[in-house]
Amino acid sequence: MQQGLVICEQCDAVHRWRPLLPRELAHCRRCGAVIGRGHRLGAQALLALTVAALVVLLIANLSPVVDMRLRGIHNSATLPGAIHDTWLQGERLVAVAAAFTAIVAPALLITLRLLVLMPLARGRSPAHLAWCMRVLHEMSRWSMVEVMMVAAAVCIVRIASMAQAVPGPGMFAFGALALLLAALESGGLKHLWAQQP
Amino acid sequence: MTESLYSCECCGLVSAGPAKVDAVRLRCPRCAHPLHAEKPNSLQRTWAWLAASALLYIPANALPVMTTSNLFRQTSHTIAGGIAELWTSQSWGLAVIVFVASIAVPLLKIGTLALLAWSVQYRPAWRRVERARLYRIVEAVGHWSMLDVYVVVLLAGIVQFGRLAGVQPEPGLLAFAAVVVMTMLAARSFDPRLIWREPADDPTP
């Protein structure tokens, strides 16, 4: 094993590693890719953010995203409900794709982080750390929560031409979830490998 | 046997291993993620996904993605039709956002990835830093094309008023979602390290 080296993922340039200050960004000298960030948040702070993200995820999926009123009839939809309806209306693969990218991937990101961070915050070694980190690495590219929030806004505008539509708590929860997941991403995970007891 | 340095894309650990790996599957000593000197069959896979996305791009835009119904009639909407509706109902900003996300981004992704894949073979030394930057932009922006898919899914769930109003998703939506997923997979299978290869490095592209 080589300590003290970092290899750029995008161009293979080898760099010598030095500890980074919080908020410092390291860029590859050859191609400009980000190859390291300063450690900003420890296990406990990350855990707090992750628990917050879990709560927000539940709100986002259990509360209505949009409320609609047409001729006195009131209708609202949660995201799982809308996906279920899409399934029932015949577009099953689309329902699966939407469910995976908007619910499953973020839920996995949060649950796996909890599984890793809870023992670490207490100073113990997490079980199955390697597997969790590998799945986390893969899931981070498939979570599209911020797109869902904008989609809800577009929906409201599309409906507004024929009926009244207002955002539901679910929509704001998706926005908050997007922010929290972004904070977790930038909070980083790789430095936790070094914190393992 | 000469040794090479490998960097794990999951945990960042740099470890030493044999330079040429044929039968041996290398894994990171810390997190067991597979180690590759470069992504296997990168150009072939990238071209395959790009061809599939380009093919599906046609039905994705030609076929309607949803049908709205009210008391009097049913109207089918394509992606472009939805954008036109936003524009005529004076939501200029959203029309531009949806146009960019659903029409411009997938086209630009396919075009850019095709350019990158082609340039690796035919213009290996051309503007490397810029090409690397292009790849990063493509990877970062790609998932926004799911916007329209989510919009139709949400509309299908909300607009359920029996015969008064209804929204039915249509097969064009599946083609469109497939284009988005396939362009993401194409970006994922492209190995940006190929941009930096010198022709003398190794004979296999």
Side-chain angles (χ1 to χ4, degrees), chain A residues 1-2 5-14 30-33 65-66 68 70-71 73 75-79 81-86 89-91 93-95 97-98 101-102 129-131 133-134 137 141-142 144 147-148 150-155 157-163 165 190 193, chain B residues 5-7 9-16 28-33 70 82 85-86 89 91 94 97-98 101 128-129 132-133 135-136 139 143-144 146-161 164-165 168-171 173-174 177-178 180-181 184 188 192-193 195-196:
Chain A
M1 278 192 234
Q2 303 280 338
L5 289 182
V6 170
I7 301 184
C8 172
E9 253 176 36
Q10 294 188 12
C11 74
D12 267 352
V14 181
R30 186 155 71 158
C31 75
V65 176
V66 180
M68 181 177 170
L70 178 65
R71 294 179 198 263
I73 311 172
N75 216 350
S76 62
T78 63
L79 178 61
I83 290 176
H84 181 64
D85 288 325
T86 306
Q89 284 178 302
E91 288 300 321
L93 280 177
V94 172
T101 55
L129 176 62
W131 182 86
M133 295 291 258
R134 290 207 310 275
H137 177 76
R141 67 176 73 233
W142 293 106
M144 305 184 192
V147 183
M148 178 57 72
V150 176
V154 173
C155 262
V157 174
R158 293 286 286 267
I159 295 173
S161 56
M162 59 159 142
K190 289 185 185 170
W193 286 105
Chain B
L5 289 180
Y6 292 88
S7 169
E9 71 176 57
C10 175
C11 74
L13 182 70
V14 173
S15 46
C28 173
R30 184 159 70 178
C31 74
H33 195 271
N70 59 31
E85 265 180 36
L86 280 172
S89 60
S91 315
L94 278 180
I97 291 178
V98 178
R128 289 191 158 126
V129 177
R133 213 173 279 155
Y135 174 75
R136 286 196 289 274
E139 259 221 308
H143 62 293
W144 279 95
M146 278 298 267
L147 182 63
D148 244 345
V149 177
Y150 288 159
V151 169
V152 175
V153 168
L154 285 175
L155 284 176
I158 303 164
V159 186
Q160 295 199 344
F161 293 89
L164 271 182
Q168 165 81 28
E170 299 286 355
L173 190 64
L174 177 59
V180 178
V181 170
M184 286 182 70
R188 198 167 167 274
R193 288 174 280 203
I195 298 174
W196 300 92

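Reckoned from all heavy atoms, side chains included, excluding hydrogens, waters and symmetry mates. Within every chain, numbering begins at 1; the chains are lettered A, B, ... in the order of the sequence lines, protein sequences first and strands thereafter.
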Colleague: So which part of A:Ala102 gets closer than 4.5 Å to some heavy atom of chain B, the side chain, the backbone, both or neither?
Modeller: both

Colleague: Is A:Arg71 close to chain B through its backbone or its side chain, or both, or neither, when contacts mean heavy atoms under 4.5 Å?
Modeller: side chain

Colleague: Using non-hydrogen atoms only, which part of B:Val98 is less than 4.5 Å away from chain A: side chain, backbone, both, or neither?
Modeller: side chain

Colleague: Tell me, side chain or backbone of B:Glu139 under 4.5 Å from chain A's heavy atoms, or both, or neither?
Modeller: side chain

Colleague: Check whether any side-chain N or O of A:Arg134 sits under 3.5 Å from a backbone N or O of B:Cys10 as a donor-acceptor pair, and report yes or no.
Modeller: no

Colleague: Measuring from A:Met68:CE to B:Phe161:CZ, what's the distance to the nearest 0.5 Å?
Modeller: 4.0 Å

Colleague: Please flag which part of A:Val6 lies under 4.5 Å from any non-hydrogen atom of chain B: side chain, backbone, both or neither.
Modeller: backbone

Colleague: Checking A:Thr101 against chain B: side chain, backbone, both or neither under 4.5 Å from a heavy atom?
Modeller: both

Colleague: Donor-acceptor check, side chain of A:Asn75 to backbone of B:Gln160, threshold 3.5 angstrom: yes or no?
Modeller: yes

Colleague: Can you tell which part of B:Ile158 gets under 4.5 Å to a heavy atom of chain A, answering side chain, backbone, both or neither?
Modeller: both

Colleague: Atom CZ of A:Arg158 and atom CG of B:Leu94: how far apart are they, to the nearest 0.5 Å?
Modeller: 10.0 Å

Colleague: Give, for atom CH2 of B:Trp196 and atom SG of A:Cys8, the distance between the pair rounded to the nearest 0.5 Å.
Modeller: 8.5 Å

Colleague: At a 4.5 Å cut-off on heavy atoms, which part of A:Ala95 comes close to chain B: side chain, backbone, both, or neither?
Modeller: neither

Colleague: Please classify the contact between A:Ala163 and chain B as side chain, backbone, both or neither, with a heavy-atom cut-off of under 4.5 Å.
Modeller: neither

